[in-house]
Amino acid sequence: MRFIKTKDYEDMSRKAANIIGAQVVLKPASVLGLATGSTPIKTYANLVKDYQNGDLDFSQVSSVNLDEYKGLDRKNDQSYFYFMNDHLFKHVNIDPNRTFLPDGMENDAAKACRDYDGVLKAVGGVDLQLLGIGHNGHIGFNEPSDVFADQTICVDLAESTIQANQRFFASYDDVPKRAYTMGIGTIMAAARILILASGEGKAAIVKAAFFGPVTPKVPASILQFHPDVIVIGDEAAFSQITI
Ligand code: PGA
């Protein structure tokens with residue numbers, strides 16, 4: 001694993017966008033694995049800026065997102081489809097027909113998972129997978145568990161995740177309790193992984209995930225076994241590790 005320590009969130013976001021941008025420049029038809037959450041918001045803003053400056057062209061890019069809430073319509077402003085559109089897709093020249101997320105409105109969980117695995121197979125493998133890390137070590141919505149899921153699954157969100165997400169919803173009852181997520185096996189199959197961590201609140205999990213035992217109780221710990229992982233964190237997120 002390579003660790004890149006940055007001054008702060010802004011610095012982390014610029015460096016992350018530079019790595020994603022370089023991927024697109026080097027391979028215009030890249031398949032990007034994308035993530036939602038607070039952490040990558042500025043990374044996407046930097047990619048939009050680079051596009052507007054004429055430095056990036058997304059016309060041949062395909063994207064597959066990690067996850068989507070089960071039961072939220074794409075028009076719901078808390079859906080991950082809405083997030084991606086709002087922060088990236090509508091601002092750049094990516095082909096909307098080549099942007100993929102699990103179908104949150106597919107009520108048949110087995111079908112939703114099967115369909116998304118079909119999409120992941122059809123795009124032909126992720127070149128660069130962007131990840132955030134949850135306070136409990138989740139990646140995508142792969143919550144702490146007794147096993148690592150291989151392919152797309154429907155998960156019951158951990159109580160801590162529901163509580164962390166509550167800030168975006170009117171009430172606890174409004175927070176979706178289930179989600180579809182790419183499996184750990186699919187994430188691990190990406191050629192390169194870029195994982196971001198920002199702030200003091202992530203310091204303990206950064207240490208546990210990347211310097212502790214590899215265990216499905218800390219899903220991100222599996223990344224220690226991936227041959228090409230870049231961890232970009234700000235000083236606060238890296239405050240409990242020595243690199
Ligand atoms: P955050 O979420 O970026 O909002 O902290 C990270 C995650 O849960 O993956």
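Order of appearance sets the numbers: ligands from 1, and atoms from 1 within every ligand. Counting begins at 1 with the first residue of the sequence. In this text, all values refer to a predicted model and were calculated from it rather than measured experimentally.
Within ligand 1, the atoms closer than 4.0 Å to a non-hydrogen atom of G134 are 7 (C), 8 (O), 9 (O), numbered from 1 in the order shown. The contact set between ligand 1 and R167, taken as ligand atoms under 4.0 Å from a residue heavy atom, comprises 4 (O). Every atom of ligand 1 is numbered from 1 in the order shown, and the set under 4.0 Å from a heavy atom of G37 is 3 (O), 4 (O).
For atom 8 (O) of ligand 1, the closest heavy atom belonging to the protein is H138 NE2, 2.6 Å. Considering only non-hydrogen protein atoms, atom 3 (O) of ligand 1 sits nearest to T39 OG1, 2.4 Å. For atom 6 (C) of ligand 1, the closest non-hydrogen atom of the protein is I133 O, 3.6 Å. Among all protein heavy atoms, the one lying closest to atom 4 (O) of ligand 1 is S38 N, 2.9 Å.
Other residues, nucleotides and ligands contribute over 12 non-hydrogen atoms within 6.0 Å of the CG atom of N53.
With a heavy-atom cut-off of 4.0 Å, K202 touches ligand 1 through its side chain alone.
D117 and T152 are linked by a side-chain donor-acceptor pair at a separation below 3.5 angstrom, with hydrogens and angles left out of the test.
Screening R192, M182, M188 against Q129 for a side chain to side chain contact (heavy atoms under 4.5 Å, CB included) leaves a single residue, M182. D156 pairs in a salt bridge (charged side-chain N to carboxylate O under 4.0 Å, His left out) with only one of the listed residues (K70, R178, K177), which is R178.
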Tell me which donor-acceptor pairs under 3.5 Å the side chains of residues 202-215 have, and how far apart each pair is, sequence neighbours excluded?
from : atom 1 : to   : atom 2 : distance (Å)
K202 : NZ     : I133 : O      : 2.9
T215 : OG1    : K217 : N      : 3.0

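Salt bridge absent: D103 and R74 never bring a charged side-chain N and a carboxylate O closer than 4.0 Å.
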